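Right, one structure below, let's go through it.
Atoms considered below: every heavy atom in the structure, side chains included; atoms not considered: hydrogens, waters and symmetry mates. This is a predicted model, so every value here is computed, not measured.
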Amino acid sequence: MNVLSRFAAFRRGFLVCLTCLGLLAGTSSHAQTLQKVKQTGELRIGVASGDPWYYRDPVSGQWSGVGVLVGEQIAKNLGVKMVPVETTWGNSVAGLQSGQIDVMFVLDATEERKRAIDFPTTPLLWYAQGILAKEGLVAKNWEDLNKPNVRVGVALGTATDRDLTKRLPNAKIERFTNTDETVAAFNAGRVDAIGFYHSVLVIAYSKIKKGSVQIPQPVVAIPTSAGVRREQDASFRDMLDEQFKKMYASGQTQALYAQYLKTKGLDPDKLPGVTKETLEK
């Protein structure tokens with residue numbers, strides 16, 4: 001074997017060793033979220049402003065919301081402490097990948113996100129396209145709004161904007177810069193209804209106490225989940241999947257949502273819930 005052949009053989013062997021070490025290191029780092037949570041006694045959840053999922057009290061700085069309640073319940077089931085870690089919706093994926101947080105509840109499993117992180121198979125909860133309508137305006141069906149004299153407010157460029165533009169071609173769609181401006185327009189009577197996902201509308205109603213939250217037929221229900229780090233050992237993801245199944249089937253998921261709505265002075269029995277079955281009634 002000449003010098004070049006020996007060098008090539010050495011290089012191949014060296015690369016194989018590096019690959020093996022990399023795999024071992026990867027296996028070690030991926031073990032594990034579930035193992036680490038149990039060892040440290042902490043479940044670190046991402047929290048980002050977005051009521052009713054996450055809300056930070058401006059006075060106390062304490063976080064609350066449906067996502068926090070879910071995190072507390074799962075942490076309790078695991079026998080550990082839940083620790084909120086502040087992030088943003090845009091940075092949550094990077095936070096999971098870097099290990100800053102263990103899980104981000106109420107994170108939609110979009111195709112783009114699924115290329116970067118993992119999600120339990122079972123949905124955490126559901127939300128639906130809805131409206132907050134003025135008194136006297138009843139929309140059992142979307143066609144009840146599809147009239148030239150009905151003014152519907154939406155936030156410009158959102159999924160709701162795109163959906164209602166197609167769904168209500170005869171209605172007058174009024175577009176506003178953001179959610180707050182849209183709600184303000186409704187409160188001022190400049191539109192007859194505003195369209196958003198029903199969970200956002202419920203929070204808007206809790207602030208202005210005006211109108212009624214409705215989900216017209218056919219129901220556009222969307223599942224949401226929880227983002228986790230993609231790992232070779234999927235035990236953490238699978239554990240969450242089982243937790244979601246049990247909580248949903250037992251009614252606990254809806255109960256936690258109702259519990260949070262009560263802190264906003266709302267009667268959950270008079271508002272749409274977060275299960276597909278109740279939304280589609």
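Not one N or O on the side chain of D161 forms a donor-acceptor pair closer than 3.5 Å with the backbone of V154. Put simply, the side chain of H198 never gets that close to the backbone of G130: no donor and acceptor are under 3.5 Å apart. A donor-acceptor pair under 3.5 Å is formed between the side chain of R151 and the backbone N or O of R190. No donor-acceptor pair closer than 3.5 Å links the side chain of R237 to the backbone N or O of D118. Not a single donor-acceptor pair under 3.5 Å links the side chain of N141 to the backbone N or O of D144. Side chain of D57 to main chain of S60: a donor-acceptor pair is present (N/O by atom type, distance under 3.5 Å, no hydrogens or angles).
Cluster annotation: I194 and V152 are assigned to distinct hydrophobic clusters (Ile/Leu/Val/Met/Phe/Trp/Tyr, side-chain heavy-atom contacts under 4.5 Å, transitive). Cluster annotation: V183 and V191 are assigned to the same hydrophobic cluster (Ile/Leu/Val/Met/Phe/Trp/Tyr, side-chain heavy-atom contacts under 4.5 Å, transitive). There is a path of hydrophobic side-chain contacts, each under 4.5 Å, that joins V202 to F196. Put simply, L168 and Y197 are part of two different groups of oily side chains (I, L, V, M, F, W, Y) that touch within less than 4.5 Å, one to the next. Both M239 and L43 sit in one connected hydrophobic cluster of ILVMFWY residues. Membership requires side-chain heavy atoms under 4.5 Å apart, directly or through other members.
Residues Q32 and S235 bring no donor and acceptor atom of their side chains to less than 3.5 Å of each other. In the model, Q73 has a side-chain atom that pairs as donor or acceptor with a side-chain atom of Q252 under 3.5 Å. Under 3.5 Å, the side chains of T110 and D108 contain no donor-acceptor pair of N or O atoms. T88 and N91 are linked by a side-chain donor-acceptor pair at a separation below 3.5 angstrom, with hydrogens and angles left out of the test. For the residue pair Q129 and T160, a side-chain donor N or O sits within less than 3.5 Å of a side-chain acceptor on the partner. Counting only N and O atoms by type, the side chains of T179 and T182 include no donor and acceptor under 3.5 Å apart.
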Evaluate the criterion side chain to side chain donor-acceptor pair (under 3.5 Å) for residue pair R175 and T165; output intermediate values, then yes/no.
CA-CA 10 Å; R175 295 174 177 83; T165 297; 2.8 Å; yes
Take L69 and Q259 through the side chain to side chain contact (heavy atoms under 4.5 Å, CB included) test and state the conclusion after the steps.
CA-CA 9 Å; L69 292 175; Q259 178 182 331; 3.6 Å; yes
Using the rule given for side chain to side chain contact (heavy atoms under 4.5 Å, CB included), can you reason through L124 versus V106, listing the C-alpha separation, both sets of side-chain angles and the distance that settles it, and then say yes or no?
CA-CA 7 Å; L124 170 60; V106 201; 4.0 Å; yes
Side chain to side chain contact (heavy atoms under 4.5 Å, CB included) assessment of L256 paired with V70:
CA-CA 7 Å; L256 292 176; V70 169; 4.1 Å; yes
Evaluate the criterion salt bridge (Lys or Arg N to Asp or Glu O under 4.0 Å) for residue pair K262 and D267; output intermediate values, then yes/no.
CA-CA 6 Å; K262 289 178 182 178; D267 182 352; over 6 Å; no
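When side chains are defined from C-beta on, R167 counts as touching P218, because their heavy atoms get closer than 4.5 Å. Contact annotation: the side chain of T263 never approaches that of Y55 to less than 4.5 Å [non-hydrogen atoms, C-beta and beyond]. Considering only heavy atoms from C-beta on, I101 stays 4.5 Å or farther from I45 through its side chain. Inter-residue side-chain proximity for S225 and P120 is flagged as met; some heavy-atom pair is nearer than 4.5 Å. The closest side-chain heavy-atom distance from I208 to F186 is below 4.5 Å. Looking at T224 and L125, their side chains come closer than 4.5 Å, going by heavy atoms from C-beta outward. The shortest distance between side-chain heavy atoms of F236 and D238 does not fall below 4.5 Å. Taking the side chain as every heavy atom from C-beta outward, F244 and I74 approach each other to under 4.5 Å.
When all heavy atoms of Y257 and S199 are compared, the pair lying nearest together is OH-CA, 4.2 Å. Across every non-hydrogen atom of R44 and V85, the tightest pair is CB-CG2, 4.0 Å. Nearest heavy atom pair, residue A193 against residue L137, reads CB-CD2, 4.2 Å. A pairwise comparison of heavy atoms in D102 and R229 identifies OD1-NH2, 3.8 Å as the closest pair. The shortest heavy-atom contact between G153 and F176 is CA-CE1, 4.0 Å. Pairing each heavy atom of Q254 with each of G273, the nearest pair is OE1-CA, 3.3 Å.
Residue pairs meeting the salt bridge (charged side-chain N to carboxylate O under 4.0 Å, His left out) criterion with at least one partner in residues 202-211, sequence neighbours excluded, do not occur; the list is empty.
Atom-to-atom distance recorded for I117:CD1 and S92:OG is 6.0 Å, nearest 0.5 angstrom. The CD atom of E181 lies 4.5 Å from the CG atom of N178; values are rounded to the nearest 0.5 Å. A distance of 10.0 Å separates CG in L96 from CZ in R113, rounded to the nearest 0.5 Å. A distance of 5.0 Å separates NZ of K276 from CD of E280, quoted to the nearest 0.5 Å. To the nearest 0.5 Å, the span separating CD1 on I173 from CG on L145 amounts to 9.0 Å. T121 contributes atom OG1, which lies 11.0 Å from atom CG of L240 (distance to the nearest 0.5 angstrom).
Taking the six-membered ring for Trp and thresholds of 30 and 60 degrees, Y54 and W89 have ring planes inclined between 30 and 60 degrees apart.
The pair E174-K172 counts as a salt bridge, with a side-chain nitrogen and a carboxylate oxygen less than 4.0 angstrom apart.
In the hydrophobic clustering, L279 connects to W126, I215, V219, Y248, either directly or through intervening members, whenever side-chain heavy atoms lie under 4.5 Å apart.
The side-chain contact (heavy atoms from CB on, under 4.5 Å) search around A184 returns none, not counting sequence neighbours.
Not less than 6.0 angstrom separates the ring centroid of Y260 from the ring centroid of W53.
A side chain to side chain contact (heavy atoms under 4.5 Å, CB included) with V213 is found for one member of L201, L266, V200, I131 and no other, namely L201.
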